[in-house]
Protein chains: 2
Amino acid sequence: MSNCRQCIIKRFNALKTLTNDELENISDHKTTLIIKKGENLMTEGNAINGMYCIRDGKGKLTKLNTNGKEQIIKFIKGGDILGHRSILSEELVGLNAIALEDMHVCFIPKGDILDTIKENTQFSLKLMKNISHQLNEANTSISQMAQKPVKDRLAETLLHLEEIFGVDNEACIDVILTREEIANTIGTATESAIRLLSNLKKDGVIDLIGKKIKISNKNALKNISEGY
Amino acid sequence: MSNCRQCIIKRFNALKTLTNDELENISDHKTTLIIKKGENLMTEGNAINGMYCIRDGKGKLTKLNTNGKEQIIKFIKGGDILGHRSILSEELVGLNAIALEDMHVCFIPKGDILDTIKENTQFSLKLMKNISHQLNEANTSISQMAQKPVKDRLAETLLHLEEIFGVDNEACIDVILTREEIANTIGTATESAIRLLSNLKKDGVIDLIGKKIKISNKNALKNISEGY
DNA sequence: TTATAAAAATGATAAAAATCATTTAATTTT
DNA sequence: AAAATTAAATGATTTTTATCATTTTTATAA
């Protein structure tokens with residue numbers, strides 16, 4: 001089992017503020033797990049007794065609506081932390097975390113997280129910064145969901161996906177999503193998402209190579225996302 | 001100028017964790033201000049150098065969309081704190097805070113907040129809890145905006161408004177909003193909001209008394225908000 | 001109080017988006 | 001590799017929601 005001190009993924013999150021002693025302690029208590037594609041790491045409505053740190057793999061955070069439809073709230077990848085929101089608010093988990101591909105994840109017990117918060121102000125501040133930033137993003141999302149038409153939201157989402165996951169060696173957005181998942185991200189019907197993707201392709205703004213999407217005219221896409 | 005130790009509004013927020021010494025210190029540094037109806041307490045995109053604690057008065061947190069439309073993200077009232085998200089994430093203010101009626105507000109400089117975070121773990125934890133809770137609410141909001149029809153969102157919003165602001169002596173929701181503001185909360189056109197309110201009245205679910213709204217059949221409204 | 005402006009209400013119409021139905025293509029399974 | 005399943009694409013249609021136009025009501029100012 002690997003040691004947290006050697007782990008380089010932590011430099012992307014609040015765990016980078018930990019002292020060597022704190023890291024040793026967490027190393028001793030952490031467990032590592034493999035989440036296979038399609039499996040749940042966290043489930044909405046459940047209690048949680050620790051925080052997850054994603055080592056690698058991509059995933060989605062979703063919410064199940066009353067009508068049974070999935071809403072994708074956020075995408076996750078290596079370096080992201082999960083579960084801290086629930087621990088800090090002392091509420092049940094609010095979102096499902098589902099692997100889009102096999103993931104390697106470390107689990108750190110709640111007690112260690114709370115102890116570290118009490119001892120290490122820098123860690124506290126980084127956690128707060130993380131959640132505060134997420135809150136700001138969520139507020140922006142609400143506004144866009146409420147006021148932008150579906151086409152604009154699709155453009156926005158494609159730009160966002162490229163920003164998060166980067167591009168592969170063929171310049172395609174480096175994540176594989178079904179059309180349904182894209183629809184569930186922008187909050188529309190699958191057929192509408194498919195149609196709008198086809199239109200963007202016809203207009204030369206994107207390229208569709210199987211399930212992969214390549215942004216071929218980023219400026220045009222930005223304009224569309226802003227309603228032009 | 002009043003003293004924070006005597007202030008009872010703080011029992012509704014993170015400031016209740018402060019020691020007497022900390023309260024004295026903040027009392028010395030705080031300023032009190034009156035925000036008249038319609039005025040801004042915070043403005044989107046601005047820097048902020050402190051945290052606000054609302055003593056009384058009601059307000060709205062809004063975001064201006066690219067098309068110039070206002071989206072109401074959240075309602076605020078006495079006991080709520082503002083600006084801490086921006087301080088903690090070290091980002092610009094994300095929302096406008098606008099008074100719906102005259103407000104009394106205290107301003108606490110950023111330095112005092114950050115000092116207190118470092119000294120008082122309970123205060124830190126309460127702040128984190130506050131933001132974590134807000135993040136959870138925001139995520140729920142995204143999901144509902146994306147997937148619920150306008151009618152359901154209106155029902156949801158009316159229930160939410162009653163929960164936040166309570167009712168007056170005539171059992172009306174105790175806040176005065178224009179139809180446009182209601183529309184900007186649920187993310188629809190003003191005319192649509194008006195029409196749906198009229199329908200709810202016709203169906204005997206609510207009562208419209210001038211600008212005041214009375215929920216006359218809460219169960220029916222709950223069912224509507226859940227899509228039945 | 002009357003004039004003026006702003007907000008609310010309502011009808012008619014247009015645009016956006018969802019749903020249903022079917023076909024085509026891509027994956028999986030046998 | 002063929003069959004079966006699932007996902008993607010596309011057309012036709014309906015539903016939802018927005019926009020435009022106008023009237024009525026309410027609030028504000030002269």
Side-chain angles (χ1 to χ4, degrees), chain A residues 36-38 65-72 100-101 144-158 172 175-203 206-213 224-225 227-228, chain B residues 36-38 65-72 100-101 144-158 172 175-203 206-214 224-225 227:
Chain A
K36 298 292 249 176
K37 179 178 174 174
N65 239 39
T66 27
N67 55 29
K69 257 195 164 183
E70 166 190 273
Q71 178 63 36
I72 297 181
L100 290 168
E101 51 186 50
Q144 294 185 347
M145 281 291 181
Q147 310 220 326
K148 281 190 177 180
V150 176
K151 188 181 179 184
D152 304 25
R153 297 197 320 255
L154 173 60
E156 179 83 37
T157 294
L158 293 177
C172 293
V175 65
I176 291 191
L177 297 171
T178 64
R179 299 296 192 248
E180 192 181 5
E181 284 171 325
I182 293 175
N184 292 348
T185 307
I186 65 184
T188 191
T190 306
E191 297 95 321
S192 300
I194 289 172
R195 258 182 263 270
L196 290 167
L197 281 170
S198 300
N199 290 348
L200 288 176
K201 180 182 180 172
K202 209 171 54 198
D203 296 345
I206 62 170
D207 224 346
L208 302 172
I209 303 153
K211 252 182 204 115
K212 286 267 181 170
I213 299 171
I224 292 167
S225 81
Y228 301 112
Chain B
K36 298 292 248 179
K37 179 178 174 174
N65 239 40
T66 28
N67 55 29
K69 257 195 162 182
E70 167 191 271
Q71 178 62 37
I72 297 182
L100 291 168
E101 51 186 50
Q144 294 185 347
M145 281 292 181
Q147 309 219 327
K148 281 190 177 179
V150 177
K151 188 182 180 185
D152 304 25
R153 302 204 306 262
L154 173 60
E156 178 83 37
T157 294
L158 294 177
C172 293
V175 65
I176 291 190
L177 297 171
T178 64
R179 298 296 191 248
E180 192 181 4
E181 285 171 323
I182 293 175
N184 292 348
T185 307
I186 64 184
T188 191
T190 306
E191 296 95 323
S192 299
I194 289 171
R195 259 182 262 270
L196 290 168
L197 282 170
S198 301
N199 291 347
L200 288 176
K201 180 182 181 173
K202 210 171 53 198
D203 296 345
I206 62 170
D207 224 348
L208 300 173
I209 302 151
K211 253 185 203 111
K212 286 265 182 174
I213 300 172
K214 170 152 63 178
I224 293 167
S225 81

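Labels below follow one simple rule: chain letters A, B, ... track the order of the sequence lines, proteins then strands, and each chain is numbered from 1.
No side-chain donor-acceptor contact under 3.5 Å links A/Arg179 to the backbone of A/Ile194. Counting only distance, with no hydrogens or angles, the side chain of B/Gln147 and the backbone of A/Glu70 share a donor-acceptor pair below 3.5 Å. B/Asn67 places a side-chain N or O within 3.5 Å of a backbone atom of B/Lys69 that can act as its donor or acceptor partner.
Of the candidate nucleotides C/dT10, D/dA18, C/dA9, C/dT10 has the atom nearest to the side chain of B/Glu191.
In this structure, CG of A/Leu197 is placed 11 Å from P of D/dT10, rounded to the nearest angstrom. A straight line from CG of B/Leu208 to C1' of D/dT24 spans 16 Å, rounded to a whole angstrom. A/Ile209 has its CD1 atom 17 Å from the C1' atom of C/dA25, to the nearest Å. The CZ-C1' distance, from B/Arg153 to D/dA18, rounds to 13 Å in whole Å. Here the C1' atom of nucleotide D/dT16 and the CG atom of B/Leu154 are 15 Å apart, to the nearest Å. Going from atom CG of A/Asp152 over to atom C1' of D/dA18 covers 15 Å, rounded to whole Å. For the pair B/Gln147 CD and C/dA18 P, the interatomic distance rounds to 10 Å; values are reported in whole Å. One atom, NZ of B/Lys212, and another, P of D/dA27, lie 13 Å apart when rounded to the nearest Å.
Residue B/Lys148 places its NZ atom among more than 12 non-hydrogen atoms of other residues, nucleotides or ligands, all under 6.0 Å distant. More than 12 heavy atoms of other residues, nucleotides or ligands lie within 6.0 Å of CD in B/Glu101, so this atom counts as buried by the packing criterion.
Of all heavy-atom pairs between A/Lys37 and A/Leu100, the closest is CG-O, 3.5 Å. B/Thr190 and B/Ala183 get closest at one heavy-atom pair: CA-CB, 3.6 Å. For the pair A/Leu208 and A/Leu197, the tightest heavy-atom approach, listed with the atom from each and the gap, is CD1-O, 4.1 Å.
Heavy-atom distances to DNA chain C give each of A/Gly187 and A/Gly210 a nearest nucleotide, and the one nearer the 5′ end belongs to A/Gly187.
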Check nucleotides 5-8 of chain C for protein N or O atoms closer than 3.5 Å to its own N or O atoms and list the pairs.
{"unit_1": "C/dA8", "atom_1": "OP1", "unit_2": "B/Arg179", "atom_2": "N", "d": "3.3"}
{"unit_1": "C/dA8", "atom_1": "OP2", "unit_2": "B/Arg179", "atom_2": "N", "d": "3.0"}

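Counting distance only, with no hydrogens placed and no angle test, the side-chain atoms of A/Arg195 and the base atoms of C/dT19 include a donor-acceptor pair under 3.5 Å.
Neither OP1 nor OP2 of D/dA9 sits under 4.0 Å from any side-chain N or O of A/Ser198.
Looking only at side-chain heavy atoms (C-beta outward), B/Ile176 and B/Lys212 come within less than 4.5 Å of each other.
Consecutive pairing runs in DNA chain D reach the stem threshold at C:1-30 with D:1-30, where a stem means at least three Watson-Crick or G-U wobble pairs with distances under 3.5 Å.
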